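Remember, it's a predicted structure, so these values are computed and weren't measured experimentally.
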Amino acid sequence: MKRTTLIITCLLLSFFLPLQAQIFEYIDMDNGLSSRRVLSIQQDKQNYIWILTHKGLDRYNGKQFKHYQLHRCNNPLSFYPNLNFLYTDKDSTIWEVGKDGFVFRYDEQRDSFQLAFDLRATFPALKKAPISSVYMDSEANIWFCTNQSQYILEFNL
């Protein structure tokens, strides 16, 4: 009797309480991902998934990938070994920030990444100083840390 009551209770609850299911999908290089070594993942306001790998930046719409290359002075940049990071600001804009001192912002109108800041061009004394860490805070300030100092880049968004 107790077992029957439990089954009926579970069935009744399943009708009245919404069930939530998640579908997980395995994506890899066979699906179009540029590399299996993923460095960072973010989601933007259109629900695209942005994946930064050792070989490039990929945008995934749930079915297919689009690859993006970052350029400085019309020259493509290498993602490895600078171990770059993806961030989203409070408007869900995608930012790529690297230990090379470059900051790129995704421009929806151009469907490309634009160089927004070059730390070493602004502070030439840092050309030989390694950047040990980068971080974007909740106010979209970007923090660069070297072995002797910290630099905060403030964008007025």
Write down the atom of [X], the atom of [Y], and the distance for their closest heavy-atom approach.
X: Phe104; Y: His71; answer: CE2-O, 3.3 Å
X: His67; Y: Gly32; answer: CE1-O, 2.8 Å
X: Ala140; Y: Met136; answer: CA-CG, 3.8 Å
X: Gln69; Y: Pro76; answer: NE2-CB, 3.6 Å
X: Trp95; Y: Ala116; answer: CZ3-CB, 4.1 Å

Side-chain donor or acceptor of [X] paired with backbone N/O of [Y] under 3.5 Å:
X: Thr93; Y: Asp89; answer: no
X: Arg120; Y: Asp100; answer: yes
X: Asn31; Y: Asp28; answer: yes

Quick one: pull up [atom1] in [X] and [atom2] in [Y] and give me the separation to the nearest 0.5 Å.
X: Cys145; Y: Gln150; atom1: SG; atom2: CD; answer: 4.0 Å
X: Ser133; Y: Phe144; atom1: OG; atom2: CZ; answer: 10.5 Å
X: Asp137; Y: Glu154; atom1: CG; atom2: CD; answer: 9.0 Å
X: Leu126; Y: Gln148; atom1: CG; atom2: CD; answer: 10.0 Å

Exercise for the section: Please work out whether the ring planes of Trp50 and Tyr48 are parallel, tilted or perpendicular, with thresholds of 30° and 60°. Expected result: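 Perpendicular, since the angle between the ring planes exceeds 60°.
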Practice task
Take the angle between the ring planes of Tyr68 and Phe113 and call it parallel below 30°, perpendicular above 60°, tilted in between.
Solution key: perpendicular
With a 4.5 Å cut-off on side-chain heavy atoms, are [Y] and [X] touching?
X: Phe85; Y: Leu52; result: no
X: Lys99; Y: Asn84; result: no
X: Tyr151; Y: Leu153; result: no

Problem - Polar side chain donor-acceptor pair, Asn141 to Tyr135, under 3.5 angstrom - result: no
Exercise for the section: Consider only side-chain N and O atoms of Gln114 and Ser112, and report whether a donor and an acceptor are under 3.5 Å apart. Expected result: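 Yes, Ser112 and Gln114 have a side-chain donor paired with an acceptor closer than 3.5 Å.
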Is there a path of hydrophobic side-chain contacts, each under 4.5 Å between heavy atoms, that joins [X] and [Y]?
X: Trp143; Y: Ile131; result: yes
X: Ile94; Y: Phe102; result: yes
X: Phe123; Y: Val97; result: yes
X: Leu70; Y: Ile51; result: no
X: Tyr106; Y: Phe65; result: no

Exercise for the section: Kindly indicate, with the supporting measurements, whether the criterion side chain to side chain contact (heavy atoms under 4.5 Å, CB included) is fulfilled by Ile142 and Val103. Expected result: CA-CA 9 Å; Ile142 299 173; Val103 176; 3.6 Å; yes
Exercise for the section: Determine whether more than 12 heavy atoms belonging to other residues, nucleotides or ligands lie under 6.0 Å from atom CD of Gln46. Expected result: yes
Handout entry: side-chain contact (heavy atoms from CB on, under 4.5 Å) partner of Leu86, chosen from Leu57, Leu39, Ile41
Key = Leu57
Problem - Stepwise side chain to side chain contact (heavy atoms under 4.5 Å, CB included) check, Gln64 with Arg59 - result: CA-CA 8 Å; Gln64 61 190 22; Arg59 182 180 73 187; over 6 Å; no
Practice task
Kindly determine whether Lys90 and Glu139 satisfy side chain to side chain contact (heavy atoms under 4.5 Å, CB included), including the steps that lead there.
Solution key: CA-CA 7 Å; Lys90 53 190 166 198; Glu139 298 298 317; 3.7 Å; yes
Exercise for the section: Please assess Asp118 against Arg72 for the test salt bridge (Lys or Arg N to Asp or Glu O under 4.0 Å), listing each intermediate value before the final yes or no. Expected result: CA-CA 9 Å; Asp118 181 348; Arg72 181 177 178 267; 2.9 Å; yes
Problem - Audit row: Asp58, Lys66, side chain to side chain contact (heavy atoms under 4.5 Å, CB included) steps and yes/no - result: CA-CA 6 Å; Asp58 302 326; Lys66 180 170 182 177; over 6 Å; no
